[in-house]
Visitor: 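First the structure, then my questions, so here it is.
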Amino acid sequence: MDGTRFTRNLLDWYDANRRDLPWRDDPGPYPVWISEIMAQQTQMDRVVEYHRRWMRHYPDPEALAKAPEEAVLKSWEGLGYYNRARNIRKAAARIVDEFGGEFPSDPAVIRSLPGIGEYTAGAIASIAFGQPVPAIDANVLRVFARVLDIDTPIREKAGRGQVEACVRELLPEDRPGDFNQALMELGALVCSRLPDCPVCPVKEHCLAHARGTIGARPVLPPGKDIIRINMATGVLVHEGQALIQKRRPDDVWPGLWEFPGGCLEQGETPEEALVREYREEVELDVVPEEKITVVAYSYTRYRVTMHCYLCRPANGDVPAPVFNAAVEGGFVQPASLADYAFPSGHRRLIDFMRNDLRFAELFRLS
DNA sequence: AATACGTGGGT
DNA sequence: TACCCAAGTAT
C-alpha cells in the first residue's frame, strides 16, 4: 500500500467532509477531553448538545472540581455509563490540585487520569497537543479490518496489533490529530456497519473491497444473550409528595435517584411484587391504586418491562421510610423531580406522568 | 480474557 | 421483532 497516498486521500476527504463539531474550531485540551469522554460508546450526534451545556456549566477544570457530584450527575443524565461523569470530576480535582488547573500534555500523565484509557489518551494528545500517537477506537478497527482484510476477530490481540502497526506507520507528523479524527470520521460516515464504498476516499487501498470480503469484515465476537426481566415500580404519593431514593455506590446507576420497586419473582403479579418491594426496600405498606403506564427500556444486556403504579399508603399512619436498599431518600414535591438525575426508564415515567392529565393536579400543586 | 457498565438509533 | 452497536474503561 502507498501510505503517503492513503494519508493524503484521507485528509483531503476529511477537510471537505468533516462534521462541524463545537470543539473542532479551537481544540483546547479541556473541551477535547470532555468530548472524548462523552463520545465513549455514544454517537457523536448525541454528544453535541450535552457538550454545549457542559461548557456553559463547567467552563474549565476548576469549575468542574468545585461542582457537587449531584450536579455533575444531573448534567450527565441520559448519557449512561455514569462512572464517566464521576471520573471526569475526580480527574478535574487532580488537574487543579497537581497541575495548577492546566491539563497535562504528557501522554503517560494523561493516561493516568481516571476514566482515561489508551484510546482517550491518544485522542487528547494528538488532537489537543499535536503529538503523533495513535487513537484507535471501534471506527479505526473497523476501517482497518477492511483495509487490511483481517480475518481474525478484530478485538483480539493479533488483529489489534496489525491495526496499531499500520496506524503508526501512516500517522503524519504534521497533522496527527486530524489524521486520527479523519479515520474515525470515515468509520462513522462512510465505512460504517453497512459501508458506502463507492464514495470512500481510500477504496483503492482497501483489500476487502478488492477481494469482495467487505460484508465479512470486521470479524465480530459471538453476541451475548439478552436477559428479559419484568419489574414493578411505584410512585408513592403522600400529602402531595412522592417518595424517591438514591441508589447505592456499588449498584447499577450509582448515585442516581429512583422510585422504589424491583423484579417480579416467579408467579408474582406486578402489584404483588410492588407491595413486597416496598416492604423490603423502605418498610412501608402500600396499595397500588392505579396503573400509570408500562415503560420498556434496556441497560447493558437486560431488556426491562417496567410496570408503573401510582400508590397510596396502606394505613393512615405513615411511618418514616427506612432505606434498606438506598443511601438516602425522602418525599419530594413532584415538580422538583426535574432536579434529580434518574435512570432513563424512571425519567420516562416522570415525563409520562407530567404529560398525562390524570396527574396534572399532582404536578400543579407542587 | 471476560464482564459490567446505559442509552438510543438503525436495519 | 430482534438484533447490532456507538470516538471505551475499569476490574
Side-chain angles (χ1 to χ4, degrees), chain A residues 14 18-19 21 23-24 27 31-51 73 76-88 90-91 110-128 134-143 153-158 160 167 177-189 191-195 215 218-228 247 249-256 258 295-305 341-348:
Chain A
Y14 180 65
R18 70 177 208 176
R19 288 170 291 185
L21 302 173
W23 54 91
R24 276 190 174 162
V32 168
W33 170 42
I34 300 303
S35 76
E36 289 300 338
I37 302 296
M38 286 183 169
Q40 289 169 7
Q41 302 292 284
T42 305
Q43 298 185 348
M44 233 6 135
D45 290 345
R46 291 200 65 217
V47 168
V48 172
E49 267 318 295
Y50 279 93
H51 193 274
L73 283 175
W76 205 265
E77 185 187 38
L79 271 182
Y81 290 133
Y82 295 91
N83 273 331
R84 292 185 294 175
R86 273 167 228 298
N87 283 334
I88 284 182
K90 284 184 205 150
I110 297 175
R111 175 72 177 79
S112 77
L113 293 169
I116 296 186
E118 205 57 39
Y119 159 75
T120 305
I124 297 171
S126 63
I127 298 170
I136 298 168
D137 75 329
N139 285 306
V140 180
L141 289 175
R142 186 174 56 255
V143 168
I154 197 58
R155 321 296 292 211
E156 289 178 7
K157 211 159 79 179
R160 259 204 74 98
V167 170
D178 283 344
F179 177 78
N180 285 333
Q181 291 184 86
L183 282 176
M184 294 189 272
E185 200 83 334
L186 185 72
L189 301 182
C191 195
S192 52
R193 188 155 69 94
L194 303 175
V219 177
L220 299 172
K224 304 225 167 66
D225 289 343
I226 299 303
I227 300 166
R228 279 157 224 293
R247 297 184 61 89
D250 56 347
D251 214 338
V252 186
W253 298 299
L256 271 68
E258 66 172 7
V295 174
Y297 66 99
S298 60
Y299 68 97
T300 64
R301 62 200 164 94
Y302 299 94
R303 298 292 172 273
V304 182
T305 302
F342 286 85
S344 76
H346 287 251
R347 174 53 63 197
R348 277 157 57 195

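We name chains A, B, ... by the order of the sequence lines, and we start the count at 1 in each one.
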Visitor: Side-chain contact test, heavy atoms from C-beta onward, threshold under 4.5 Å: evaluate it for A:I88 versus A:W33 and give yes or no.
Guide: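 Yes. Closest side-chain heavy atoms under 4.5 Å.
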Visitor: Would you say the side chain of A:W23 lies within less than 4.5 Å of the side chain of A:I127, judging by non-hydrogen atoms?
Guide: no
Visitor: Expressed in whole Å, how much space separates the P atoms belonging to B:dC5 and C:dA2?
Guide: 23 Å
Visitor: Starting at the 5' end of DNA chain B, which residue's closest nucleotide do you reach first, A:R155 or A:S344?
Guide: A:R155
Visitor: Between A:L21 and A:R111, which has a closest nucleotide on DNA chain C that is more 5'?
Guide: A:L21
Visitor: If you take any heavy atom closer than 4.0 Å to DNA chain C, which residues from residues 117-124 of chain A end up in contact?
Guide: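 Heavy-atom cutoff 4.0 Å gives A:G117, A:E118, A:Y119, A:T120.
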Visitor: If you look only at distance, which donor and acceptor atoms sit under 3.5 Å apart when one is on a side chain in residues 79-86 of chain A and the other is two or more places apart or in another chain?
Guide:
from, atom 1, to, atom 2, distance (Å)
A:Y82, OH, A:G78, N, 3.1
A:N83, OD1, A:R86, NE, 3.2
A:R84, NE, A:Y81, O, 3.4
A:R84, NH1, A:I37, O, 3.0
A:R84, NH1, A:M38, O, 3.0
A:R84, NH1, A:Q40, O, 2.8
A:R84, NH1, A:T42, OG1, 3.3
A:R84, NH2, A:L79, O, 3.0
A:R84, NH2, A:G80, O, 3.0
A:R86, NH1, A:E69, OE1, 3.4
A:R86, NH1, A:E69, OE2, 2.8
A:R86, NH2, A:P254, O, 2.3

Visitor: Pick base, sugar-phosphate or nothing for A:R142, based on heavy-atom distances below 4.0 Å to the nucleic acid.
Guide: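 Since only primed, P, OP1 and OP2 atoms lie under 4.0 Å of A:R142, the category is sugar-phosphate.
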Visitor: Any sub-3.5 Å donor-acceptor pair from A:R303's side-chain atoms to A:A296's backbone N or O?
Guide: no
Visitor: Is there a donor-acceptor pair closer than 3.5 Å between any side-chain N or O of A:R18 and the backbone N or O of A:D178?
Guide: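 Not confirmed, A:R18 side chain does not pair with A:D178 backbone.
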Visitor: When the P atoms of B:dG10 and C:dA7 are considered, how many whole Å apart are they?
Guide: 13 Å
Visitor: Just the rounded figure in Å: distance from C1' of B:dG6 to CZ of A:F342.
Guide: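 A:F342 atom CZ is separated from B:dG6 atom C1' by 17 Å.
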Visitor: List the residues meeting salt bridge (charged side-chain N to carboxylate O under 4.0 Å, His left out) with A:R301, not counting sequence neighbours, and say none if there are none.
Guide: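 Result, salt bridge (charged side-chain N to carboxylate O under 4.0 Å, His left out) vs A:R301: none returned.
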Visitor: Taking salt bridge (charged side-chain N to carboxylate O under 4.0 Å, His left out) as the definition, give me every residue that meets it alongside A:E258, ordered by chain and number, with sequence neighbours left out.
Guide: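 Once residues adjacent in sequence are excluded, the partners of A:E258 under the salt bridge (charged side-chain N to carboxylate O under 4.0 Å, His left out) criterion are A:R247.
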Visitor: Extract, from 5' to 3' on DNA chain C, the first and final nucleotides lying under 4.0 angstrom from some heavy atom of chain A.
Guide: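 The contacted stretch runs from C:dC4 to C:dA10.
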Visitor: For the side chain of A:S298 and the base of B:dG6, is some donor closer than 3.5 Å to an acceptor across the two?
Guide: no
Visitor: Touch check for A:L220, heavy atoms < 4.0 angstrom, all strands: base, sugar-phosphate only, or nothing?
Guide: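 Sugar-phosphate, backbone atoms only, no base.
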Visitor: For A:G187, report the nucleic acid contact type (base, sugar-phosphate, nothing); a contact means any heavy atom under 4.0 Å.
Guide: nothing
Visitor: List in chain and number order the residues that pass salt bridge (charged side-chain N to carboxylate O under 4.0 Å, His left out) with A:E118, two or more places apart in sequence or in another chain; answer none if no residue qualifies.
Guide: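 For A:E118, the residues satisfying salt bridge (charged side-chain N to carboxylate O under 4.0 Å, His left out) (neighbours in sequence not counted) are A:R111.
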Visitor: I'd like to check the side chain to side chain contact (heavy atoms under 4.5 Å, CB included) partners of A:A135; sequence neighbours left out, ordered by chain and number.
Guide: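 Listed in chain order: A:Y119, A:A123, A:N180.
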Visitor: State whether the number of non-hydrogen atoms from other residues, nucleotides or ligands found under 6.0 Å of A:D225 atom CG is greater than 12.
Guide: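 Atom CG in A:D225 is not packed in, count stays at 12 or less.
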Visitor: A:F342: what forms a ring pair (Phe, Tyr, Trp, His ring centres under 6.0 Å) with it, not counting sequence neighbours?
Guide: A:F259
Visitor: N/O contacts under 3.5 Å, protein versus nucleotides 2-5 of chain B?
Guide:
from, atom 1, to, atom 2, distance (Å)
B:dA4, OP1, A:R301, NH2, 2.8
B:dA4, OP2, A:R301, NE, 3.0
B:dA4, OP2, A:R301, NH2, 3.4
B:dC5, N3, A:Y81, OH, 3.4

Visitor: Can you measure A:M44 atom CE to B:dG8 atom C1' for me and round it to whole angstrom units?
Guide: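 Rounding to the nearest Å, CE of A:M44 and C1' of B:dG8 are 16 Å apart.
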Visitor: Quick check: do A:M44 and A:M184 have side-chain heavy atoms less than 4.5 Å from each other?
Guide: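 Side-chain contact under 4.5 Å: no.
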Visitor: For DNA chain C, whose closest nucleotide is more 5', that of A:W23 or that of A:I116?
Guide: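 Nearest-nucleotide comparison on DNA chain C picks A:W23.
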Visitor: In whole Å, I'd like the distance from the CD atom of A:E258 to the C1' atom of B:dG6.
Guide: 15 Å
Visitor: Classify the nucleic acid contact of A:R24 as base, sugar-phosphate or nothing, counting any heavy atom under 4.0 Å across all strands shown.
Guide: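 If one applies the 4.0 Å heavy-atom cut-off, A:R24 turns out to touch a base.
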Visitor: Holding to ring pair (Phe, Tyr, Trp, His ring centres under 6.0 Å), I want the full list of residues that pass it with A:Y302, two or more places apart in sequence or in another chain.
Guide: A:Y299
Visitor: Report each atom pair, protein N/O against N/O of nucleotides 9-11 of chain B, whose distance is under 3.5 angstrom.
Guide:
none

Visitor: With sequence neighbours excluded, what pairs up with A:Q41 under the side chain to side chain donor-acceptor pair (under 3.5 Å) test?
Guide: none
